[in-house]
Amino acid sequence: MYLLRIAARNLFRRRRRTLVTAGVLAFAIIIFLVVESMMAGMTEISYNNIINLESAHLEVGREELYQQDFESPLKKSFYPGEELIAEITALAGYRNHTEVLEFSANITTGRDEFPVRVRAIDPKSFPGVFENDDYLTGGEFLAPDSGGLVIGSQLADVLELKPGDFFTLLFQDKEGSFNTIEGEIQGIVTTPHPDMNLSTVFYDREQAYNALRVEPGAANRIMVRMSDRETAVSAAESLADSLTGTGFSTRSWEDSAQMVKAMQAAGRLENYVVLGLILIVGAIGISNVVILAALERMEEIGMMKAMGLKEGEIVGVFALEATGIGLMGSIIGCFVGFISVALFNRFGFDLGILLGEETTFGIPLIGRIYGGWSPGSFVLVFFFGILVAFLASIIPAFWAARKDPIDAIYKR
Amino acid sequence: MLYLFKIALRNLSRNKFRSLISILAIAVVVAIVIFTRGLLLGFTESSFRLVVDNQYGHVRITDQEYQAREMLLTLDHTVDGFQGQGLSAMLDEIREVEGVEYLLPRLKFGAMASPGDDIIRMAGIGIDPRLEEQHGALSGDITEGRMVEEGREIIVGKGLREKLGAEIGARVTILFSDAYQSFQGRTFTIVGIRETGVPMLDDSLFYLPLSEAQQMLYLEDEATEIMVFGSRLREADQLKNNITGLFAARSGEEKYSVLAWDEADPLIEYLQVGVRIYDIIYVFIILLGAIVLINTMIMITRERTAEIGMMGALGLKSREILQIFTLEGAVMGVLGSLLGVIPGGAITYYFSQVGLDYYADMLEDIDVMMAPEIYPVFSLENLVISFILGAVITSLVSIWPARKAANLEPVDALHREI
């Protein structure tokens, strides 16, 4: 306790030096926290975009659908039997499901053509699972018996299409012969998921059976909305177990979000490296402070020794002083970090300023991003700052305690 | 000055451990800057090279309409010469422009193949084999087989080869719409496999002789783009101006767009902004290290208050005292920067040989021209620039504590010690 008091007093003898050194630690912590928050926010929004607009919480299809063999997905269509549907609706946390028949086609309008993924959907149950219809910016979304096509805004731009224009979809039907679907563009959606704005189009399933040569009522994906993301993952696992041997398989949103996960992992690694590098500089700064303090207080060290303090206790005084700097750095860093993250969460940041409107390079989100909270990283970085300060002080503290004070004072 | 320098050097060695720590701090930050710079240079250069070699050249000439509709692989807006007089005449004229080394005309079109029951979508690129060989980027990536020569031969990307399930020597029927929108098919022999490691290039592209592409698409003496290469990438803007001059003189500026490589792709702009942001970050990192130096120097001036007073009393001007202390700080900065070059250079060199691939997973779904592995650039230039940056910034920073020393009144300084 006595040592602690000395260390605390020493800490405030050179206020500016203490503050500047603590500032380096605080700086490392702030940067780390803000970047963590930004990544958490981006990941959160990306997950939501993927779930709400592309993959739902989980989906069920025939096993072969998920094998990479470049075969037409129409061949993997099936008629969803009552048993299968019962199995899905019985899942804990089940909310809604919708059946989707997906295939690839070329959309042509006069001279130009563009490859798209067509989702033939059931307009009644679709809004219960997906939110694509909320992002309508022109025309109307699909309704039962509407023979139109809903396309994304970027595709509309590229092909210069507007609601009411004619389109042709060219594709291979289930038998492998070429066939077409023709009609009018019915609606245009502008979603925050760039993929869905360019290369995915929606059509009414009822109208497509004939041209696709699949039996009425067939689908190749049953997409399910669950109560939340975590439930979805565990439900997907238990469903996978009960589906073994039936020829069906399941995928959760996590499988669709592999890219986001990889990106998050790469981003996190980078962030830790940056934190580590700044902390190395901070650690040297702290070693330096201990050395400077020891040199300044050579007489005091002599005095302490004369009063009977052991070498270990003198080391303790200096190490405690350095740890105090670490504590200050951590407190300042976490405090300022907290405010920055809170502001970021409140006001967000427009990615468009940085990246431009249409180019997101495959990241599944467009527009304004908001930070996310990760309390774990606050705790982690708080203690890490203190630990670094403590470790950095040990060697110079021993160096200081070993100094022979009489020698040192005499030299002066 | 030499005399002052001697004093500074002597002062520096008065407490070696203390000086060493400050030097170490500078060394660490300079090493960090060297590695970060090397990494960033490696990343941007590989991305730039991919974009230049595969998409834009140093300068790219297309039809103005084509620019916006390139994604559609449209054949409606081709380059067919000045006033429609043909591509080859136009190429000859461009070759005469100052700074032009060589040209790569390319003809891009959408195509499909249906090896089993299913459709594989791809993009074909008609190339001039002789000119591409001269450029080397395309032929350099051919890991099996050879370059196309003439007739119905193609090179396919590695990923596309897997989709097609075909080997070298196999025959593949390719379906496409010609310039008149009629659906056609042609059978080609695979003579080479191209592997770049970039999914965007490997998974959907195939290359065929330009003459064959022109003939089968009914686009004789036309191309969709001309990639122009000068001697140096840095002079692309000059090259662009020269070519624009020709186009103005031949009244082609209405129809065609001439763009330098860094104007054509938003990714490039984004990366260039990033590079500029990093320039500020480097200064910042070094300033962090300089904080250690400042702390030390403040203590030094405090410790030597009596000495400063003495120097003042002996007639040294305050400017000279300033110089002594600044020199002491600068020597530490220079030594630290020099010392930092060794580990920084070593780490950069090591990774420039083995490469870093921590983000390869992420690239599978992204349509971006990025190499899956980063090889940091190990160059003397980088070492020298980082050294100079470290030395200059720390020297400038050490003026601040030195000023405090120089501003002391000799009488006060002597008095305070007593």
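Chain letters run A, B, ... following the sequence lines, proteins first, then strands; residues in each count from 1.
- Distance CD1/B:I291 to CG/A:N288: 11.0 Å, rounded to 0.5 Å.
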Please test A:V289 against B:V292 for side-chain contact (heavy atoms from CB on, under 4.5 Å), starting from the C-alpha separation and ending with a verdict.
CA-CA 8 Å; A:V289 166; B:V292 174; over 6 Å; no

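- How far CG of B:L288 is from CG of A:L277: 11.0 Å, rounded to the nearest 0.5 Å.
- Inter-residue side-chain proximity for B:M112 and A:Q172 is flagged as unmet; no heavy-atom pair is nearer than 4.5 Å.
- The shortest side-chain heavy-atom distance between B:R302 and A:E296 falls under the 4.5 Å cut-off.
- Atom OH of B:Y282 is surrounded by more than 12 heavy atoms from other residues, nucleotides or ligands within 6.0 Å.
- Side-chain contact check for B:R121 versus A:N106: some heavy-atom pair is nearer than 4.5 Å.
- When all heavy atoms of B:A25 and A:I284 are compared, the pair lying nearest together is CB-CG2, 3.5 Å.
- Here the CG-CZ distance, from A:D157 to B:R69, works out to 11.5 Å after rounding to the nearest 0.5 Å.
- Across A:T21 and B:N295, no two heavy atoms sit closer than the pair OG1-ND2, 3.3 Å.
- Contact count against chain A (heavy-atom pairs under 4.5 Å) is highest for B:D76 among B:L293, B:T36, B:D76.
- Within the 4.5 Å cutoff, the side chain of B:R18 has heavy atoms near those of the A:L292 side chain.
- Here the CZ atom belonging to B:F284 is positioned 7.0 Å from the CD1 atom belonging to A:I31, to the nearest 0.5 angstrom.
- Interatomic distance, CE of B:M71 versus CG of A:L198, reported as 5.0 Å (0.5 Å rounding).
- Across B:L72, B:I21, B:V29, B:V28, the residue that shares the most heavy-atom pairs under 4.5 angstrom with chain A is B:L72.
- Under the 30°/60° scheme for interplanar angles, the aromatic rings of B:F183 and A:F178 are found to stand perpendicular.
- Across A:G23, A:P115, A:G285, the residue that shares the most heavy-atom pairs under 4.5 angstrom with chain B is A:P115.
- When B:I294, B:L73, B:N15 are compared by the number of non-hydrogen pairs under 4.5 Å with chain A, B:N15 comes out ahead.
- Between B:I285 atom CD1 and A:I278 atom CD1 the span is 7.0 Å, to the nearest 0.5 Å.
- For the set B:T74, B:T296, B:I300, the count of heavy-atom pairs under 4.5 angstrom toward chain A peaks at B:T296.
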